[in-house]
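Reviewing the structure listed below.
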Amino acid sequence: MKIDGLVTKDMQLADAVKRMRGRPGSKVVISVVREGWTEPKDFEITREQIRVQSVRTHDLGNGIDYIRLRQFQEQTAHDIDSALDKFAKNGMKALILISATTPVAC
């Protein structure tokens with residue numbers, strides 16, 4: 001409903017995101033309406049830097065390891081190197097590498 005008292009009804013998503021972002025440690029108040037509530041509730045949120053994990057790994061057993069690239073960012077190369085080092089120390093025989101754009105069959 002509101003970000004720091006400003007109504008979001010006609011606000012563009014980019015504007016809302018810009019208003020919610022800020023210096024880590026600073027605060028923002030978000031007003032939220034939910035089904036079953038009689039009125040909006042305010043939540044004061046402390047801003048923090050969010051680091052999205054770009055690489056997911058998993059040991060599938062029998063020396064088979066799995067790396068999924070979720071997105072490319074500054075840390076991605078380091079994260080892949082770390083995963084490969086760990087897998088090599090554990091006796092990796094095979095690697096499955098899935099990129100963020102690779103379709104995954106179920």
Side-chain angles (χ1 to χ4, degrees):
M1 295 268 324
K2 295 181 185 177
I3 301 170
D4 277 338
L6 295 171
V7 177
T8 60
K9 182 179 180 194
D10 296 319
M11 191 180 290
Q12 296 293 317
L13 178 61
D15 293 333
V17 169
K18 186 176 179 180
R19 292 187 183 283
M20 287 188 282
R21 287 185 175 161
R23 183 178 44 83
S26 64
K27 308 240 186 240
V28 63
V29 176
I30 308 293
S31 301
V32 177
V33 172
R34 283 205 161 169
E35 188 176 323
W37 292 0
T38 57
E39 58 186 53
K41 291 186 182 182
D42 290 344
F43 296 91
E44 184 177 76
I45 299 170
T46 303
R47 293 176 174 108
E48 294 294 332
Q49 185 173 11
I50 299 171
R51 183 174 182 270
V52 177
Q53 187 179 15
S54 67
V55 175
R56 286 244 170 118
T57 64
H58 191 66
D59 178 351
L60 300 175
N62 297 321
I64 302 170
D65 295 297
Y66 169 96
I67 296 177
R68 180 180 176 101
L69 291 168
R70 297 178 63 203
Q71 61 179 272
F72 288 96
Q73 57 190 28
E74 191 174 327
Q75 271 306 109
T76 301
H78 176 267
D79 293 346
I80 290 172
D81 283 343
S82 295
L84 291 173
D85 287 344
K86 181 179 106 179
F87 291 158
K89 287 177 185 171
N90 291 333
M92 176 178 63
K93 296 177 185 172
L95 175 68
I96 299 170
L97 177 63
I98 306 289
S99 75
T101 58
T102 303
V104 177
C106 296

What verdict does the side chain to side chain contact (heavy atoms under 4.5 Å, CB included) test give for I67 and V55, after you've listed the backbone C-alpha separation in whole Å, the side-chain angles of each residue and the deciding distance to 0.1 Å? CA-CA 7 Å; I67 296 177; V55 175; 3.6 Å; yes
Could you go through Y66 and L95, starting from their C-alpha distance and side-chain angles, then the distance that decides it, and tell me whether this counts as side chain to side chain contact (heavy atoms under 4.5 Å, CB included)? CA-CA 6 Å; Y66 169 96; L95 175 68; over 6 Å; no
For side chain to side chain contact (heavy atoms under 4.5 Å, CB included), just list the numbers for K86 and D59, CA-CA rounded to whole Å, side-chain angles, deciding distance to a tenth of an Å, and then say yes or no. CA-CA 10 Å; K86 181 179 106 179; D59 178 351; over 6 Å; no
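With sequence neighbours excluded, the residues satisfying side chain to side chain donor-acceptor pair (under 3.5 Å) with T46 are K27. D79 meets the salt bridge (charged side-chain N to carboxylate O under 4.0 Å, His left out) test with R51; sequence neighbours excluded.
Under a hydrophobic clustering in which Ile, Leu, Val, Met, Phe, Trp and Tyr are joined whenever their side-chain heavy atoms come within less than 4.5 Å, directly or via other members, V28 and V17 fall into different clusters. There is a path of hydrophobic side-chain contacts, each under 4.5 Å, that joins M11 to M20. With hydrophobic clusters built from ILVMFWY side chains whose heavy atoms lie under 4.5 angstrom apart, V33 does not share a cluster with I30. Hydrophobic clustering (ILVMFWY, side-chain heavy atoms < 4.5 Å, transitive): V32 and M1 are in distinct clusters.
In this structure, I96 and L60 have side chains that are in contact, with non-hydrogen atoms separated by less than 4.5 Å. Contact of the I80 side chain with the L69 side chain is registered, since non-hydrogen atoms from C-beta on lie closer than 4.5 Å.
Interatomic distance, E39 CD to S31 OG, rounded to the nearest 0.5 Å: 11.0 Å.
Between the side chain of R70 and the backbone N or O of Q53, at least one donor-acceptor pair lies under 3.5 Å. Looking only at distances, a side-chain donor or acceptor of D4 sits under 3.5 Å from a matching main-chain atom of V29. When atom types are taken as modelled, the side chain of N62 and the backbone of I64 share no donor-acceptor pair closer than 3.5 angstrom.
Using a 3.5 Å distance cut-off with no hydrogens or angles, the side chains of R47 and S26 do pair a donor with an acceptor.
Sorted by first and then second residue, the side chain to side chain donor-acceptor pair (under 3.5 Å) pairs involving residues 5-19 (not counting sequence neighbours) form an empty list.
The two atoms that bring E48 and G25 nearest to each other are OE2-N, 4.2 Å, heavy atoms only. Between Q71 and T76, the closest heavy-atom pair is O-OG1, 3.4 Å.
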